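As the structure is a computational prediction, the values presented were derived from the model and not from experiment.
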Amino acid sequence: VDWAGASREAQAVREGTGERGPVRHRKGRAGDKMKDSDSASGASTNSEEEVKFVPTPEQVAESDSFKAQANKKFQENHHNEAIDLYTKAIELNPSNHILFANRAFAHIKLENYGSALIDATDSIELAPSYIKGYFRRGTAYLALGKLKQAKQDFKEAVKIEPKNTDARKKLDEVTKALRQERFSEAIGTDHAPPVTVDPATMEVESAYDGPHLEDGKVTVKFMEQLIEHYKAEKKLHKKYAFMILSQVRDILRAEASLVSVDVPNGEHITVCGDVHGQFYDLCNIFQINGVPSTQNPYLFNGDFVDRGSFGIETIFTLFGYKALYPQHMHLNRGNHETVNMNKMYGFEGEVVHKYSRDMMDLFTDAFRWLPLSHTINNKVLVLHGGLFSKDETNLSDLRKIDRHCEPPDDSCPMTELLWSDPINIPGRQPSKRGVGVAFGPDVAERFLKSNNLELLVRSHECKDEGYEIDHDGKTITVFSAPNYCDQMGNKGAFIRFEGGDMKPKFTQFDAVPHPNSRPMQYAGMGGGFNLMQFLGGN
């Protein structure tokens, strides 16, 4: 799916071939969810639906009521419910540009950047001088790494309100980022090795009271001390941080893009979803389920960092156990183990704030070596996002992926497995995120059958109960960051598979207290963006 220009996405919706399908108002206002009777690829809008709809005063009043309810849900961080209420308001008053801009804001909160592009474009078309429409669309483009398009929207916002300092600041930041991106492309830094750092030359000060590596190796004692050190809100010495990071980078580099894990009868493995820098909740998982060991292996399914402000503590705990138990601590790459996400959602700023730019460069290199997927006993496929735009894509293709790079912009297996999501209607649709694909139960069934698999486990989406079972039990989402971003009120969960029957067993857990560091506290530091500051308020 090509999401490079919002006008094409909006046009697809107008013609009934986009994500939301046919609509009942103003020749293609992006409003309704696709009905069960619609085909998977959408259907053409009929002439009756293309007639301009003029609401009655009663409909306007009812629409305003839904808008007020939606705004309340938005403020309470119930963004899915807010979207549903904004949609009801739009159905009653499809000419209200603010409704589309507000729904775009809610979509951005959920990382549904493709849907946000459509709604923001509709808001702009309804009210070309409404500056927040450009803020919303520019932010969605920014999140998708489309800096040129983002710059154009913020440039238009400045044109509309020349004295708006917020709009001018946003334009300046995007212009600077675009200049940096062009410079990086010119000198080829995307493929260059990171700065070489020699930890052996670093001295450990006598005042340092944290754990020490013994002969440069991670031990059980070191990990126990490290976790307690982090709980006391202290920092691992940079010498040991660089040593662990370098060791794990080398371990990951030796692994395949698709890793096969065997769990014999009588043994087990635990699969966790996104943890997003929520270190204290990660510790709670280990409190409930035991720390990683040769007898208690784990597979963490990507998105270790960003959003939560304890990303350093989280990643060095996971990487420490990977160095200690390389065959029993398994790690998949998520869409947030990427340069663009780390710039916008806080991890880059956190690393630069707590350590240095050199360390961030080394993290980027290590993240590019993370495996993209794992199979367990040749029955369960675990990957971060989801399935693919082509039925022909199979496990052999996943093994062949040359993964040491940033995910390409075009539709390809690497990008899709990091970004795709399941839907409960047949076929495929453009992703609400603007990247990847939305895949239905028939797609999942065909993929599993053709690859002799029984189950797909993925993460990538916050779920109220910490997990969700879709596609008649063939697709499971697991999410392990409870009360996500200190806002969502969701449970966390993990899955345990026994080597014999390989049936998923779920454990749910609630969030635990943590020190007073707000989510995305470091976003905007170290040369990155704080994405939420680009939205212009609700």
Donor-acceptor pair, Asn490 side chain versus Glu465 backbone, under 3.5 Å?
-> no
For Ser257 and Arg399, does a side-chain donor sit closer than 3.5 Å to a side-chain acceptor?
-> no
Sidechain-backbone polar pair: Ser115 side chain, His107 backbone, donor-acceptor under 3.5 Å | no
Closest heavy-atom pair and its distance - Leu117, Ala140 | CD2-CB, 3.7 Å
Do Leu453 and Leu395 have side-chain heavy atoms sitting under 4.5 Å apart?
-> yes
Contacts satisfying salt bridge (Lys or Arg N to Asp or Glu O under 4.0 Å) that involve residues 308-319 (not counting sequence neighbours) are Glu313-Lys354
If you look only at pairs with a residue in residues 474-499, which of them pass as a salt bridge (Lys or Arg N to Asp or Glu O under 4.0 Å), with sequence neighbours excluded?
-> Lys491-Asp510, Arg496-Glu498
Backbone N or O of Ile312 within a donor-acceptor pair of the Glu350 side chain at under 3.5 Å?
-> yes
pair Asn342-Met360: side-chain heavy atoms closer than 4.5 Å = yes
Between Arg333 (side chain) and Leu372 (backbone), is there a donor-acceptor pair under 3.5 Å?
-> no
Donor-acceptor pair, side chain of Asp281 and main chain of Val512, under 3.5 angstrom | yes
Please check if any side-chain donor atom of Asn289 sits under 3.5 Å from a side-chain acceptor atom of Tyr298, or the reverse.
-> yes
What pair of heavy atoms forms the shortest contact from His229 to Asp209, and how long is it?
-> CE1-OD1, 3.6 Å
Could you list the residues that satisfy side chain to side chain donor-acceptor pair (under 3.5 Å) with Trp369, not counting sequence neighbours?
-> His404
Closest contact, heavy atoms only, Val275 versus Ala481 | O-CB, 3.9 Å
Keeping the roles fixed (side chain from Asn451, backbone from Asn394), state whether a donor-acceptor pair exists under 3.5 Å.
-> no
Phe316 and Phe363 aromatic centres sub-6.0 Å = yes
Cation-aromatic face contact Lys235/Tyr355, 6.0 Å, 45 degrees | yes
Output the distance between atom OG (Ser389) and atom CZ (Phe439), rounded to the nearest 0.5 Å.
-> 12.5 Å
Quick note, salt bridge (Lys or Arg N to Asp or Glu O under 4.0 Å) partners involving residues 211-229, not counting sequence neighbours, are Glu228-Lys231
Correct closest heavy-atom pair for Gln278 and Asn483 would be OE1-O, 4.2 Å
Any donor-acceptor N/O pair, Arg518 side chain to Ser309 backbone, under 3.5 Å = no
Check salt bridge (Lys or Arg N to Asp or Glu O under 4.0 Å) between Asp472 and all other residues, then give those that pass, not counting sequence neighbours.
-> none
I would like to know whether Phe494 and Ile288 meet side chain to side chain contact (heavy atoms under 4.5 Å, CB included); could you show each step before the answer?
-> CA-CA 10 Å; Phe494 54 81; Ile288 296 168; 3.9 Å; yes
Taking ring-ring contact (aromatic ring centres under 6.0 Å, His included) as the test, write out the residues that go with Phe304, two or more places apart.
-> none
Do side-chain atoms of Glu416 reach the backbone of Val437 as a donor and acceptor pair under 3.5 angstrom?
-> no
Note: Ala150 and Gly138 closest approach over all heavy atoms is CB-O, 3.4 Å
Residues forming a salt bridge (Lys or Arg N to Asp or Glu O under 4.0 Å) with Glu233, sequence neighbours excluded | none
Sequence neighbours left out, what passes salt bridge (Lys or Arg N to Asp or Glu O under 4.0 Å) with Glu445? Give chain and number order.
-> none
Could you tell me whether Asp421 and Lys432 have a side-chain N and a carboxylate O separated by less than 4.0 Å?
-> no
Would you please name every residue forming a side chain to side chain donor-acceptor pair (under 3.5 Å) with Arg253, sequence neighbours left out?
-> Asp250
Aromatic ring proximity, centroids under 6.0 angstrom, Phe479 and Tyr484 = yes
Taking the six-membered ring for Trp, is the centroid-to-centroid distance between Phe74 and His79 below 6.0 Å?
-> yes
Could you walk me through whether Asp303 and Ser459 pass side chain to side chain contact (heavy atoms under 4.5 Å, CB included), step by step?
-> CA-CA 9 Å; Asp303 282 14; Ser459 301; over 6 Å; no
Do Trp419 and His460 make the cut of ring centroids closer than 6.0 angstrom?
-> yes
Apply ring-ring contact (aromatic ring centres under 6.0 Å, His included) to Phe310 and list each qualifying residue two or more places apart in sequence or on a separate chain.
-> Tyr280, His514
For Lys505, the salt bridge (Lys or Arg N to Asp or Glu O under 4.0 Å) test, sequence neighbours excluded, returns Asp501
Do Leu455 and Leu448 have side-chain heavy atoms sitting under 4.5 Å apart?
-> no
Kindly say whether Ser420 contributes a backbone atom to a donor-acceptor pair with the side chain of Ser431 at under 3.5 angstrom?
-> no
Asn332 side chain to Asn301 side chain, donor-acceptor N/O pair below 3.5 angstrom = yes
For the residue pair Arg433 and Glu461, establish whether any side-chain heavy-atom pair is separated by less than 4.5 Å.
-> yes
Indicate yes or no for a side-chain donor-acceptor contact from Thr338 to the backbone of Asn335 under 3.5 Å, with no hydrogens or angles considered.
-> yes
Is any side-chain heavy atom of Lys322 less than 4.5 Å from a side-chain heavy atom of Leu252?
-> yes
Please work out whether the ring planes of Phe347 and Phe367 are parallel, tilted or perpendicular, with thresholds of 30° and 60°.
-> tilted
For the residue pair His328 and Asn296, confirm or rule out a side-chain donor-acceptor distance under 3.5 Å.
-> no
In chain order, what residues pass the ring-ring contact (aromatic ring centres under 6.0 Å, His included) check against Phe506, with sequence neighbours excluded?
-> Tyr467
Would a 4.5 Å heavy-atom cut-off, applied to side chains only, mark Leu213 and Met243 as touching?
-> yes
